[in-house]
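The figures that follow rest on heavy atoms only: side chains count, while hydrogens, waters and symmetry mates do not.
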Amino acid sequence: MKTKHYYTILAACGMLGLAACSGNSTKSTSDSTDTVMADTTTAADSAKSLKPKGANPAWAPDIKPEMWAVIEKLGSYGDKPIETLTPAQARKNHTPTDAVMDLMNENGIAKPVFNVDTMGKDIPADGGNIHVRIYTPKSGSGPFPVIVYYHGGGFVIANLDVYDATPNVLADQAGAVVVSVAYRLAPENKFPAAHNDAFAAYQWVLKNAASIKGDPKKIAVAGESAGGNLAVNTAIMSRDKKVALPVSILAVYPVAGSDMNTPSYTKNANAKPLNKAMMGWFVKHYLNNMGEGKDPRINLVKANLKGLPPTTIITAELDPLQSDGMQLADQLKAAGVTTDLKNYDGVTHEFFGMGAVLPQAKDAEDYAVSQLKKSF
């Protein structure tokens, strides 16, 4: 469960991680980033030079060529499967960010530009502090809308650097302050630690929006994979605890169920970069016991979803979590929630954020931004 966008050096080097598929090998040295000038090459034109070396895999005969090129590159590093590693080892694996960056360098694909400033800050949470990275548009004086963003990684791996691209894209293109949350990871911090940290960060933003040039009446939540689960849960907790609801939810291939025998789990059991075995590994490390998989905070399709704000869900065809996202959309609609669902064929988990090399990702980014701007 991760993400990939490449518009600043850091965005290009850090955000392509997998919420459920890769570790933290891509690092940055600080919360400050500098934008770099790119040429006028479009993502669509750039992608034309990105070609896979081999035939499409048996698990995805209709995979898009640019998507397969990224997955090929990720496999070329020779990392051991995450489900065979300890969490500490898995966090050292290469990420899709590494694969995309290498492919861009090898093919002369220019890095896009973000007109965004970043800064880091520690904020209070239960039992200590957590870190957030704040992305602020350089244009305009605010107050800006705010997006509280939760990265992927199966609640176990990845970090703010691995998922640096999506916050840059959202801040730049939606004209919003984005607060990316470094919630505590398992197994060092078991369920519901990440969920509690996610809500604590949202509450901090509600109370301190003005101090970060934000509008406290225009706060959305967003996340990818495990982070998509956290975004929906944050809205549910806001409703239940009677604090201000976010104006909207963006959930990109969210973890939303505990059933690992859904149609997409069956079809994509051997997919990459996320497969069924990896999902079992993530669950084992985050939950205190397997019975907690039935908890509505994990099994969102069984949660009380009434009264939630408008929700946008993005899914990928070649992803074990596709059915999760689609079932969640159905349950939200049944609960009376305004819900938009968009699925992308021929792409895998973690495709979101690869807009510099993957046309479907660029479309998904544009769609996400338009949905968020509509809610603001």
- Query: Charged N to carboxylate O under 4.0 angstrom, Glu365 versus Lys342?
  - Reply: no

- Task: For the residue pair Asp102 and Tyr77, confirm or rule out a side-chain donor-acceptor distance under 3.5 Å.
- Result: yes

- Message: Distance alone, cut at 3.5 Å: any donor-acceptor contact between the side chains of Gln322 and Asn343?
- Response: yes

- Would you call Ser141 and Lys213 a side-chain contact if the rule is heavy atoms closer than 4.5 Å? no

- Message: For a 4.5 angstrom cut-off between non-hydrogen side-chain atoms, does Val337 reach Pro310?
- Response: no

- Message: I'd like to know if Asp164 pairs up with Arg133 as an ion pair, taking the criterion as any Lys NZ or Arg NE/NH1/NH2 lying under 4.0 Å from an Asp or Glu carboxylate oxygen.
- Response: yes

- Pairs touching residues 171-184 that satisfy salt bridge (Lys or Arg N to Asp or Glu O under 4.0 Å), sequence neighbours left out: Arg184-Asp197

- Message: Taking the ring centre of each residue, are Phe351 and Tyr344 less than 6.0 Å apart?
- Response: yes

- Can you list every salt bridge (Lys or Arg N to Asp or Glu O under 4.0 Å) pair that touches residues 253-270, not counting sequence neighbours? Lys267-Glu317

- Asp295 with Arg297: basic N within carboxylate O range, under 4.0 Å: yes

- Hey, are Glu66 and Lys51 close enough for a salt bridge, meaning a charged N less than 4.0 Å from a carboxylate O? no

- Message: Under a 3.5 Å cutoff, is there a donor and acceptor pairing between the side chains of Ser139 and Asn115?
- Response: yes

- Ignoring hydrogens and angles, state whether a donor on the side chain of Lys276 or Asn261 is under 3.5 Å from an acceptor on the partner side chain. yes

- Task: Drop me the distance from His349's NE2 to Leu274's CG, to the nearest 0.5 angstrom.
- Result: 5.0 Å

- Message: Please report whether the ring centroid of His195 lies less than 6.0 Å from that of Phe191.
- Response: yes

- Message: Could you check whether any side-chain N or O of Gln89 sits under 3.5 Å from a backbone N or O of Thr86, counting only pairs where one atom can act as donor and the other as acceptor?
- Response: yes

- Side-chain heavy-atom pair Asn275, Glu83 within 4.5 angstrom cut-off: yes

- For His151 and Tyr183, run ring pair (Phe, Tyr, Trp, His ring centres under 6.0 Å): C-alpha distance rounded to whole Å, both residues' side-chain angles, the deciding distance at 0.1 Å, then the answer. CA-CA 9 Å; His151 68 75; Tyr183 54 87; 4.5 Å; yes

